[in-house]
Each structure stands twice: as C-alpha cells, then as structure tokens.
Amino acid sequence: MAGSFYHVCFVVPDMAAAIRDLGAAADVEFSAPRADRIGEWDFRIAFTRGAPPHIELIEPAAPGGPWDASEGARFDHLGFWTRSIEDGGRRLAAAGLPEEFSGCPYGRPFAYHRVGSIGARVELVDLARQPAFLAAWNPGGEPMPPVEAGPAPVTARTVKPPVEGP
C-alpha cells in the first residue's frame with residue numbers, strides 16, 4: 001500500500017473519561033487536550049503520543065457540526081495524508097464515497113468522505129500540513145507516507161486460497 005492511515009479518530013462527549021478509559025484499556029498515553037475552533041464550531045482535540053498510527057479524540061463543545069457527539073461516543077474516521085486533497089477527493093467521489101465536510105473553506109487542508117459500508121468517514125489531510133502535525137503532536141517523529149492510489153486490485157495473486165486443515 002502506498003501509505004497507510006496515520007490515525008483513527010473517535011468523537012467523544014467527555015474527553016477526560018475517554019483519555020482515562022482508553023489509556024487504561026490500550027496502555028497508551030495522550031497529549032494534553034487542546035482547544036480549537038473551525039468555522040462556528042468549538043472543540044477540543046488530543047492525540048496519542050509516540051509512533052503512528054495515532055488515536056485522535058475530538059470533543060465538540062456543542063451538538064451539531066462536523067463532530068456531533070449528541071448520541072454518545074463513536075468511531076468517526078481514519079486519517080490519511082495525501083499529496084492533493086482535490087485529486088484524492090475526486091478519486092474517492094468516483095468510488096462512490098462523497099465528500100461530507102471540508103475544512104478547506106476555513107483554511108484547514110482536510111476533507112472527510114463518507115464510507116457508508118462502515119458507517120464512518122475517511123479523512124484526507126494535505127501532506128504539506130505534516131511538519132506542523134509532527135511538531136505539535138509527535139516532536140521528533142518520522143515523516144509518514146501519503147496514500148496516493150486506491151487499494152491494490154484483488155487478483156488471483158493477492159487472494160490466497162484457504163489452507164486445508166488437518
């Protein structure tokens with residue numbers, strides 16, 4: 001695969017509880033949550049420390065918006081770096097995965113595309129943003145590859161027949 005996802009995101013109504021519970025369950029350490037705003041939506045965000053894939057937590061300040069948590073905590077998206085949000089977005093839309101929200105009009109180079117079959121989204125984030133991500137969330141971390149093409153086509157070579165058991 002050209003590049004794998006670099007984070008998985010959960011939208012949560014209670015950041016402190018999510019950090020406590022997921023930290024204990026998965027033995028991970030989170031950065032301190034940071035307050036942020038995009039458009040009219042205030043939220044807090046935190047990432048796990050260390051190497052990818054990261055776990056991202058987003059706690060919206062109010063119901064609605066791109067990260068609504070009014071029905072409780074939920075898996076929201078898988079995040080991928082891309083060299084071009086526009087090209088990646090066209091590829092996803094052509095595959096039947098429509099854009100659901102874009103941060104680009106707000107000066108944030110990312111977009112979410114709905115993957116109905118999993119009930120969640122994929123996020124494309126502009127690769128030019130990666131140095132700032134590493135500086136903020138994983139100082140000294142290694143660069144991560146972008147995803148540039150879709151998954152490898154399934155062929156007779158990629159699908160292995162089941163192994164006959166004893």
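Small disclaimer: the values here were computed from a predicted structure and weren't measured.
Annotation for P109 and C104: closest pair CA-SG, 4.1 Å, computed over non-hydrogen atoms. For the residue pair I85 and A111, the shortest heavy atom distance occurs at CG2-CB, 4.1 Å. Nearest approach of P146 to T82, heavy atoms of both residues: CB-CA, 4.0 Å. Across A46 and P33, no two heavy atoms sit closer than the pair CB-CA, 4.0 Å. When all heavy atoms are compared, the tightest approach of F75 to A120 is CE2-CB, 3.2 Å. Between R74 and D68, the shortest heavy-atom distance links the atoms NH2-O, 3.0 Å.
In this structure, E86 CD and S102 OG are separated by 8.5 Å, a value rounded to the nearest 0.5 Å. A distance of 10.0 Å separates CG in L78 from CD in E123, rounded to the nearest 0.5 Å. Atoms CG and OG, on D126 and S84 in that order, are 7.5 Å from each other to the nearest 0.5 Å. A distance of 5.0 Å separates CZ in F101 from OH in Y106, rounded to the nearest 0.5 Å.
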In sequence, state the C-alpha distance, the side-chain angles, and the governing distance for V122 and F80, and then conclude on side-chain contact (heavy atoms from CB on, under 4.5 Å). CA-CA 7 Å; V122 293; F80 297 85; 4.0 Å; yes
The test is side-chain contact (heavy atoms from CB on, under 4.5 Å); show your working for M144 and F133 and say whether it passes. CA-CA 11 Å; M144 296 164 276; F133 173 87; 3.9 Å; yes
Walk me through it: do F10 and W67 pass the test side-chain contact (heavy atoms from CB on, under 4.5 Å)? CA-CA 9 Å; F10 295 91; W67 307 286; over 6 Å; no
side-chain contact (heavy atoms from CB on, under 4.5 Å) assessment of L124 paired with L92: CA-CA 10 Å; L124 297 178; L92 293 175; 3.6 Å; yes
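Using a 4.5 Å heavy-atom threshold, the side chains of P60 and V11 count as touching. A 4.5 Å side-chain heavy-atom check between C9 and I58 finds at least one atom pair inside the cut-off. By the 4.5 Å heavy-atom criterion applied to side chains, V147 and Y6 are not counted as neighbours. A heavy-atom distance below 4.5 Å is not found between the side chains of Y112 and E99.
Side chain of R129 to backbone of P131: no donor-acceptor contact under 3.5 angstrom is found. A donor-acceptor pair is defined here as one N or O able to donate and one able to accept, closer than 3.5 Å; such a pair exists between the side chain of R114 and the backbone of G119.
Using a 4.0 Å cut-off between charged side-chain N and carboxylate O, D87 and R90 make a salt bridge. Contact check on R44 versus D36 returns no salt bridge, with no Lys/Arg side-chain nitrogen under 4.0 Å from an Asp/Glu carboxylate oxygen.
With W137 as the fixed residue, the side chain to side chain contact (heavy atoms under 4.5 Å, CB included) test singles out one of R34, H54, E56, H7: R34.
Two different hydrophobic clusters hold I45 and F5 under the rule that ILVMFWY side chains link at heavy-atom gaps under 4.5 Å. V8 and L134 are not part of a single hydrophobic cluster, where members link through side-chain heavy atoms under 4.5 Å apart. A continuous path of ILVMFWY side-chain contacts below 4.5 Å connects F110 to W81, so both sit in one hydrophobic cluster.
Every residue was checked against the ring-ring contact (aromatic ring centres under 6.0 Å, His included) condition with H113, not counting sequence neighbours, and none meets it.
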Per-pair distances, 0.1 Å, donor-acceptor, side chain in residues 12-30, under 3.5 Å, sequence neighbours excluded:
| from | atom 1 | to | atom 2 | distance (Å) |
| --- | --- | --- | --- | --- |
| D14 | OD1 | A16 | N | 3.2 |
| D14 | OD1 | A17 | N | 3.1 |
| E29 | OE2 | R49 | NE | 3.2 |

